[in-house]
Number of protein chains: 2
Amino acid sequence: MALAAPSPQLLDELAQFFRLLSEPARLQLLCELKQGPCDVAALIERTGFSQSHISRQLSQLQRAGLVSCQRDGVRLIYRAEDALVDDLCELVQTRLRTRLESQLAQLGKA
Amino acid sequence: MALAAPSPQLLDELAQFFRLLSEPARLQLLCELKQGPCDVAALIERTGFSQSHISRQLSQLQRAGLVSCQRDGVRLIYRAEDALVDDLCELVQTRLRTRLESQLAQLGKA
DNA sequence: AACTTTTATGAGCATAGCAGCATAAACGGC
DNA sequence: GCCGTTTATGCTGCTATGCTCATAAAAGTT
């Protein structure tokens, strides 16, 4: 009987965490950072997002502990802090794939 | 080099999936259904949500294949379709806990 | 201190998504 | 057929959040 009647607080925190991952921009930033730590200028160049946009998204991810940053002079070097997101994405990705495959199979049968 | 530069489409689909889980109401419904299949009336009673609200959330979850339903006369019996959500929630829950613990330890040291 | 570079933040706009009300649609019983 | 029960859906308002512009704050240089 896993996850039996979780408290509203837990549900809220879970939902809040998933909400962080519910934005393609944030996922992309996380993926970029997973390639290795880099500064904001590099993120701007790679993603095409505006500086303020990136700054806001990163601060959200940082509050959740998914990224951290360290100063290098005037620049900030961000890094991905948690492998959990990787695992979650891979689980979901696998599911998306198998689901599409089964839909394909259904089409074939019909 | 996991998750290297995923396509925008994949990012969108991942984000869309996580968005489904970013709503406490939907998580709660999934949890209720995980206790076992049940009809909408029971869900209304257990959660206190309005009928239309529940219907909408369930339809979203159904489109994603996270729940399915089967007719019993005029009523619909819904059931949770995928253990993935359980796994995801447990992973995140574990992370939330360890994170709070480390924050506690930090407080102790300071 | 003044100036440059880099990042964070306040204000405003636009849009997405939730929540409720009313109503339509599906199903069964008569 | 009509009526009651259960679920889905159109419409509406509201809130939250993404995104941009402009500007402030932080850090280094001279």
Side-chain angles (χ1 to χ4, degrees), chain A residues 8-9 11-33 37-81, chain B residues 8-9 11-33 37-81:
Chain A
Q9 293 95 330
L11 285 176
D12 278 354
E13 291 194 59
L14 286 171
Q16 207 174 332
F17 186 90
F18 287 126
R19 183 170 297 272
L20 269 181
L21 306 183
S22 74
E23 191 62 33
R26 279 191 290 270
L27 282 182
Q28 184 173 357
L29 287 174
L30 283 173
C31 289
E32 299 289 347
L33 288 178
C38 69
D39 66 344
V40 180
L43 291 174
I44 292 177
E45 178 164 352
R46 287 198 225 162
T47 63
F49 298 151
S50 75
Q51 180 268 321
S52 68
H53 190 204
I54 291 183
S55 174
R56 280 180 209 281
Q57 305 312 320
L58 286 178
S59 79
Q60 288 192 51
L61 295 174
Q62 190 174 21
R63 269 203 311 274
L66 295 181
V67 305
S68 68
C69 66
Q70 127 199 37
R71 280 214 167 270
D72 170 29
V74 71
R75 295 182 313 177
L76 288 180
I77 311 296
Y78 279 89
R79 72 182 331 124
E81 259 312 302
Chain B
Q9 293 94 329
L11 285 176
D12 278 354
E13 291 194 60
L14 287 171
Q16 207 174 332
F17 187 90
F18 286 126
R19 183 168 296 272
L20 269 183
L21 306 182
S22 74
E23 191 63 33
R26 278 190 293 269
L27 282 182
Q28 184 174 356
L29 288 174
L30 284 172
C31 289
E32 299 289 347
L33 289 178
C38 70
D39 67 344
V40 179
L43 291 175
I44 292 178
E45 177 164 353
R46 288 197 224 163
T47 63
F49 298 150
S50 74
Q51 181 267 323
S52 68
H53 191 203
I54 290 184
S55 175
R56 280 180 209 282
Q57 306 310 322
L58 286 178
S59 80
Q60 288 192 49
L61 295 174
Q62 192 174 20
R63 269 203 311 273
L66 295 181
V67 306
S68 68
C69 67
Q70 127 199 37
R71 279 214 168 270
D72 169 29
V74 71
R75 295 182 314 175
L76 288 179
I77 311 296
Y78 279 88
R79 71 182 332 126
E81 259 312 302

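The sequence lines fix the lettering, A, B, ..., with proteins before strands; numbering per chain opens at 1.
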### Task
Provide, to the nearest angstrom, the distance between the CD atom belonging to B:Gln51 and the C1' atom belonging to D:dT5.
11 Å
### Message
Pick the closest DNA chain C nucleotide for A:Arg75 and for A:His53 by heavy atoms, then say which residue is nearer the 5' end.
### Response
A:Arg75
### Task
When you get a sec, tell me which of C:dT7, D:dT5, D:dT7 is the closest nucleotide to the side chain of A:Leu76?
C:dT7
### Query
What is the distance from CG of A:Asp72 to C1' of C:dT6, rounded to the nearest Å?
11 Å
### Query
Among the nucleotides D:dA27, C:dT7, C:dC18, which one has an atom lying closest to any side-chain atom of B:Glu23?
C:dC18
### Message
If you only use heavy atoms from C-beta on, which nucleotide in C:dA8, D:dT7, D:dA27 is closest to the side chain of A:Arg71?
### Response
D:dA27
### Query
Partners of A:Glu81 by salt bridge (charged side-chain N to carboxylate O under 4.0 Å, His left out), sequence neighbours excluded?
none
### Query
Hey, does the side chain of A:Tyr78 come within less than 4.0 Å of C:dA8's phosphate (OP1/OP2), counting only N and O?
yes
### Between C:dA8 (P) and A:Phe49 (CZ): distance, integer Å
16 Å
### Task
State whether B:Ser50 places a side-chain N or O below 4.0 Å from either non-bridging phosphate oxygen (OP1 or OP2) of C:dG20.
yes
### Task
Rounded off to whole Å, could you give me the CZ-to-P distance for the A:Arg56 and D:dT20 pair?
11 Å
### Task
Quick one: label B:Gln62 by what it contacts on the DNA or RNA (base, sugar-phosphate, nothing), any heavy atom closer than 4.0 Å.
nothing
### Query
From the list D:dA8, C:dC21, C:dA8, which nucleotide is the closest neighbour of the side chain of B:Ser52?
C:dC21
### Message
So A:Val67 and A:Arg79, do their side chains get closer than 4.5 Å, heavy atoms only?
### Response
no
### Task
Please answer whether the main-chain N or O of B:Gln51 pairs with a side-chain N or O of B:Ser55 as donor and acceptor at a distance below 3.5 Å.
no
#### Entry: Comparing A:Arg19 and A:Ile54 on DNA chain C - which has the more 5′ nearest nucleotide
A:Ile54
### Task
Let me know the distance between CD1 of B:Ile44 and P of D:dT6, rounded to the nearest Å.
9 Å
### Message
Any side-chain to backbone donor/acceptor pair from A:Arg19 onto B:Ser22? Under 3.5 Å, distance only.
### Response
yes
### Message
Rounding to an integer number of Å, can you tell me how far B:Leu21 CG sits from C:dG17 C1'?
### Response
16 Å
#### Entry: Inter-residue atom distance B:Ile44.CD1 - B:Ile54.CD1, 0.5 Å rounding
5.0 Å
### Task
Can you tell me the distance, in whole Å, between the CG atom of A:Asp39 and the C1' atom of C:dT7?
11 Å
### Query
Nearest-Å distance, CD (B:Gln60) to C1' (D:dT9)?
13 Å
## Note on the structure
Assign each of A:Val74 and A:Ser22 the nucleotide of DNA chain D bearing its closest heavy atom; nearer the 5' end lies the nucleotide of A:Ser22
